[in-house]
Structure formats: structure tokens, C-alpha cells
Amino acid sequence: MGSNNNQYSFFNYKSIVWLPFFLGILVVVTVVFYLNFPSGYNQGIYHYQGLVIKNGGLPYTGFIEKKGPMGLLTYSLAAILFGETVIAYRVFDLIILVITGYFLFRLVRLNYSKLTSWLVSVFWLHHVLIDGPGNTGDVTNIITACYVALAYHLLAPKTKKYCLVAGVLIALACWVKPTALLIAMPLIFLCFDKDKICNFNQSHVLKFLLGMLIPTIIFILYLLISGTFYGFWESVVLDTIFNYTGYVSRFSTRTILKTGWTFLNDPVLRIGGVLSLFIFSKNSIIKLIVAGIGLMLFVEGRLYPYQFSILWPFLTIGIVEGFIVLSQSFSEKKQKILVVLFCIIMTFPAFKIGSTFIQAGFLTSNFDVAQTFIFPDFRDMYNHRKSVVSYLKKELNTENEVLVLGQDPNIYLELGVITTCRLARDGAALTGKLTASTPSHLIAWQEELLKYMNEVKADWIIVSKTLPNFWIDSYKKRINSIFSEKYQLEYETDGHLIYKKRYYK
């Protein structure tokens, strides 16, 4: 990260005694808000998967999800260890974030003081807030942890096992999401050049490949022994290939504008961090990891905000390094003033979010609802979910089965039910168009879902109002026939239609 800068007086405890206390308060504030985020779409998926496993189900056979087993099995521990509440999931996710923060601290500590390292870690954790509830609590956090740990192991004093550890970390990230391998590609290509970064030799390469192989063998054995390999092959491998074929078409004007807003939402860290990292930092490994993240985002082509979260720890390093380099030309007194201004700028979003949360809580007399004022994008999802749950909780009995045809698996969690349909959250499987290029596994999923509905296995079906407009033309007649003959419309909310099974005497 540059030369050793442990002696910077303006980042020493004696020079700024208030800074450690301030950072500690910031951690507490950040954690309080984080634990009170409403549950978003992705969080609902992973937490529901945990309940399926907790109740004897298996990934891919009991519930179809398009992420790798490393992410699903890890985040399933939230429900298994901490229970079925949203805050239980957040607590588990916070453990992943703390692990990432620990390695980020160790990474920065290689060249800077403890206080500087603490500053970077806290500011990164604080900026997790900026992404909001739908963009945190995602399995992407495991990929972030793996690559921050990888950067540390490549830069720390070398041990005999560092190549082995590097291979294991990259493999674990890939078993969360296959495209995570793209992050490592610039590193791998340049590390094999003896004149470049890590001076790999043949022994290093073999240890690295062994490291990649160890998690791979473990996960393949798990998939084979548990009988979930084919489901994994369909939902992760085949569906990933289908979704990322022709990715260039995904770069719509809307996507580009959303990407711009993601960076403008916090320009000091996100734009300043990129510029500072590539202008002031001499650390080639971190630059290559950032370039690899850019490559992954380009190939995926979707550019959802949570996908950028892998960048933030590295950009936090960049912005702090740039600040240190620029402040060297100032006197110690001016440096202290700059530190104060820097802290205010970096922490302003949390205080803005906090004031909105408190104000909305008092206005509505409900701090649970107040969470949605912080993140307006979640207000409709939250309100629609609560309308469904408040009605069905009075109508359901313990033996009823529920199917949600929509995009909010949190309905299952709040109702405390698990469905036997493995396409529990994917009502969108019945939307779109059938073409000659539609893969066979997707058609099989559609038929499986229609068969489940036709056999009337669900006592209640909750249909998002937006779905019927997009149902595949060749399926519309079959779907409408199932609802008209075997179900009756029992209740309607702003966002959903609630159907109940007809009981014939």
C-alpha cells in the first residue's frame, strides 16, 4: 500500500485522542441501523433457504436458487443458529462483515498505524449502510470477505502456505458465484510472470491449484452424496450460462443511470476512492483486484448496487491513502483540521439516515414502519407484504400450505410456513416468452410449477398483481383455468391477489 507510514503524528492516539472514541460511537450507530433494516428480496431468499434446511430439506431439490452452495449453506446457518426473525439473519450477516473488517484491518495494518487501520475498517463498515437493506445481507459479502483476506495473504510476509491459502479463498468465492473467478483473473495472469507481482514458480502454481481443488472436491462430494448435484447443475451452471449469454444487451440506459447513481450516492468514497487508488496507491495487488471486480461486473452486465459492494473496502483504502498523501504537505495543525473535516464528510450519510429514521418513527409512532422511510424503494414491498401477512395470519391453520407467486419470499418467513414447491419464490418462471433458445431446464421448471398448481397442493396461492400481465401466452389459459376451477379469489390487497383452494363436499 506504499511505504510504512506508522509515524504520521496526526493519526496517532496522542495527537487526536477523540478519534478512537468517535469511531467507536460510529460503529455502534452503524450496527444499530444495520440490524434494524427491513428484509429485502435477497435476504428473504437466503433466510428461507435456511428454514428449508433446518426442517430437513436440501438446497436445489427442496428450493431452487441460482447461487452456489457456499453462499446458500453459509447463510442458511442464520436460521439454524439464530432463529427465524429478520434480526437473526442480520446478526449472522454482521458476523461475516466483522470477519471482513478484521482482514481489512490486518491488510491496512501492514503499512499503517493501528488507528489508521481502525479508521479504514470503521469507515468501510459505516458505508455498508449506504447500500440499503436490499444491497446488504447478500452472499456477495462472502466474496468480499474472501478477496479482502486474499489481498492480506498476498501482501503479508510470505509463509509456505500462502499460495495454498490463496487458492482456497478464490475457490470459496467461486462456489458462492462462478463469476467471482473473474475477479482473480488479472492477479492470476500477472502472478505467473516471475518479473511481476508475486514471483510465482512451479511449486507455487501447484500449491495454488491444490488450494483451488480442496473446496471444489468437498462441495462436489456434498452435492453427489446429498443427491443435489443435478439440481445444482440446472440452477447454477445452466441458468448462469443462459443468463449471461448476450449480456451486452443488459447495458440499458436505465442500468447505466442506476450505476451512475450508485457512485454519486456517495461520491467521496466511490468516485474519490477509485481516483485516489489509481493515482496515489502503489499497491498493484489491490489495483488488480479492483480491475477484476470491474471485469466481473462487465461480464454479468446487470450492475445491481449490491454487486458493487465488493469494491467498497478497497476504495476505502484508496481514499484514506490519498488523504494521507495529500495531507503530507500541510502542517500538523492543518492536518488535524483536515481529519475533522474528513470524518464529517465520511460519516454524514449515517447522521442523515438516522435523523430520517427518528423523525419518521415519531411521526408514525412505529419505528418498524419508519425503516421504510429511510429506503423508499422498499416501502411498497414492505406495505404489500404486511397487508398479505396481516390477513393470512388470521386465516391460516398449522396444516395449510402456501405458495407465493411473486418476488417476496419474506411472506413465507413472516407467516412461518414452508411450501413443498421448490420453485417457492420464482413465480417469474412463468413470465416472458418461449423461444427456440429457451433452455430445456427452464421449460421443465415451468411445467413443474404448473403441475404443482394443477394438483392443488397449496391451500393458498398469493399472486403478485404485476405477474399476470407478463405470463407466457401459451400458459395463460392453463393458469387461468387452474384459478377459476380449483381456487377462489378470497382477498385482494394493493399488491397481491390471495386465492384459496375450493373445497368440494
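Here D408 contributes atom CG and L413 contributes atom CG; the two are 8.5 Å apart, rounded to the nearest 0.5 Å. Here the straight-line distance linking atom CG of N480 with atom CH2 of W471 works out to 6.5 Å at 0.5 Å rounding. Atoms NZ and CD, on K457 and E401 in that order, are 8.0 Å from each other to the nearest 0.5 Å. To the nearest 0.5 angstrom, T316 atom OG1 is 7.0 Å from L104 atom CG. Atom OH of Y147 is separated from atom CG of L172 by 10.5 Å, given to the nearest 0.5 angstrom. Within the model, atoms CH2 of W460 and CD1 of I498 stand 7.5 Å from one another, a figure rounded to the nearest 0.5 Å.
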Applying side chain to side chain contact (heavy atoms under 4.5 Å, CB included), run through I418 and Y48 and close with a yes or a no.
CA-CA 8 Å; I418 296 175; Y48 178 79; 3.4 Å; yes
Applying side chain to side chain contact (heavy atoms under 4.5 Å, CB included) to I183 and I143, what does each step give before you reach the verdict?
CA-CA 10 Å; I183 301 175; I143 299 175; 4.0 Å; yes
In sequence, state the C-alpha distance, the side-chain angles, and the governing distance for W445 and L430, and then conclude on side chain to side chain contact (heavy atoms under 4.5 Å, CB included).
CA-CA 9 Å; W445 288 353; L430 296 174; over 6 Å; no
Would you sort out whether V91 and L94 count as a side chain to side chain contact (heavy atoms under 4.5 Å, CB included), showing the intermediate values?
CA-CA 5 Å; V91 167; L94 191 61; 5.5 Å; no
Derivation of the salt bridge (Lys or Arg N to Asp or Glu O under 4.0 Å) call for K500 and E395:
CA-CA 10 Å; K500 183 179 181 181; E395 302 292 329; 5.2 Å; no
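What you find for T61 and G227 is that their closest heavy atoms are CG2-O, 3.8 Å. Here the closest heavy-atom approach between residue I142 and residue G71 is recorded as CD1-CA, 3.9 Å. Contact record, A171 with G211: CB-O, 4.3 Å, taken as the closest heavy-atom pair. When all heavy atoms are compared, the tightest approach of A151 to I289 is CB-CD1, 3.8 Å. Between G231 and S235 the shortest heavy-atom distance is O-OG, 2.7 Å. Looking at every heavy atom in both residues, G272 comes nearest to I319 through C-CD1, 3.6 Å.
At a threshold of 4.5 Å between non-hydrogen side-chain atoms, the residues E448 and Y452 do not count as touching. Contact check for N141 versus T100: no side-chain heavy atoms found under the 4.5 Å cut-off. In this structure, the side chains of N383 and D494 stay at 4.5 Å or more apart for every pair of heavy atoms. A heavy-atom distance below 4.5 Å is not found between the side chains of Y491 and L497. Looking at V402 and T419, their side chains never come closer than 4.5 Å, going by heavy atoms from C-beta outward. In this structure the side chain of I45 reaches within 4.5 angstrom of the side chain of F63, judged on heavy atoms. At a threshold of 4.5 Å between non-hydrogen side-chain atoms, the residues K177 and V236 do not count as touching. When side chains are defined from C-beta on, P215 counts as touching V168, because their heavy atoms get closer than 4.5 Å.
Judged by distance alone, with hydrogens and angles left aside, the side-chain atoms of K486 form a donor-acceptor pair with the main-chain N or O of N454 at under 3.5 Å. For the pair N55 (side chain) and L51 (backbone), a donor-acceptor distance under 3.5 Å is present.
Ion pairing of K386 with E414 is present here, as a side-chain N (NZ or NE/NH1/NH2) and a carboxylate O approach within less than 4.0 Å. Comment: K465 engages E492 in a salt bridge, judged by a side-chain N to carboxylate O separation of less than 4.0 angstrom. Salt-bridge annotation for E447 and R478: present, with a side-chain N of the basic residue lying under 4.0 Å from a carboxylate O of the acidic one.
For F232, the ring pair (Phe, Tyr, Trp, His ring centres under 6.0 Å) test picks out Y60, W175, with sequence neighbours left out. Residues passing the ring pair (Phe, Tyr, Trp, His ring centres under 6.0 Å) test with F483, sequence neighbours excluded: Y499.
Aromatic rings of F82 and Y89 (six-membered ring for Trp) have centroids beyond the 6.0 Å cut-off, not under it.
The side chain to side chain donor-acceptor pair (under 3.5 Å) contacts involving residues 218-232 comprise S226-T228, Y230-E234, where partners must be two or more places apart or lie in separate chains.
Around the NZ atom of K451, the shell of radius 6.0 Å holds no more than 12 heavy atoms that belong to other residues, nucleotides or ligands.
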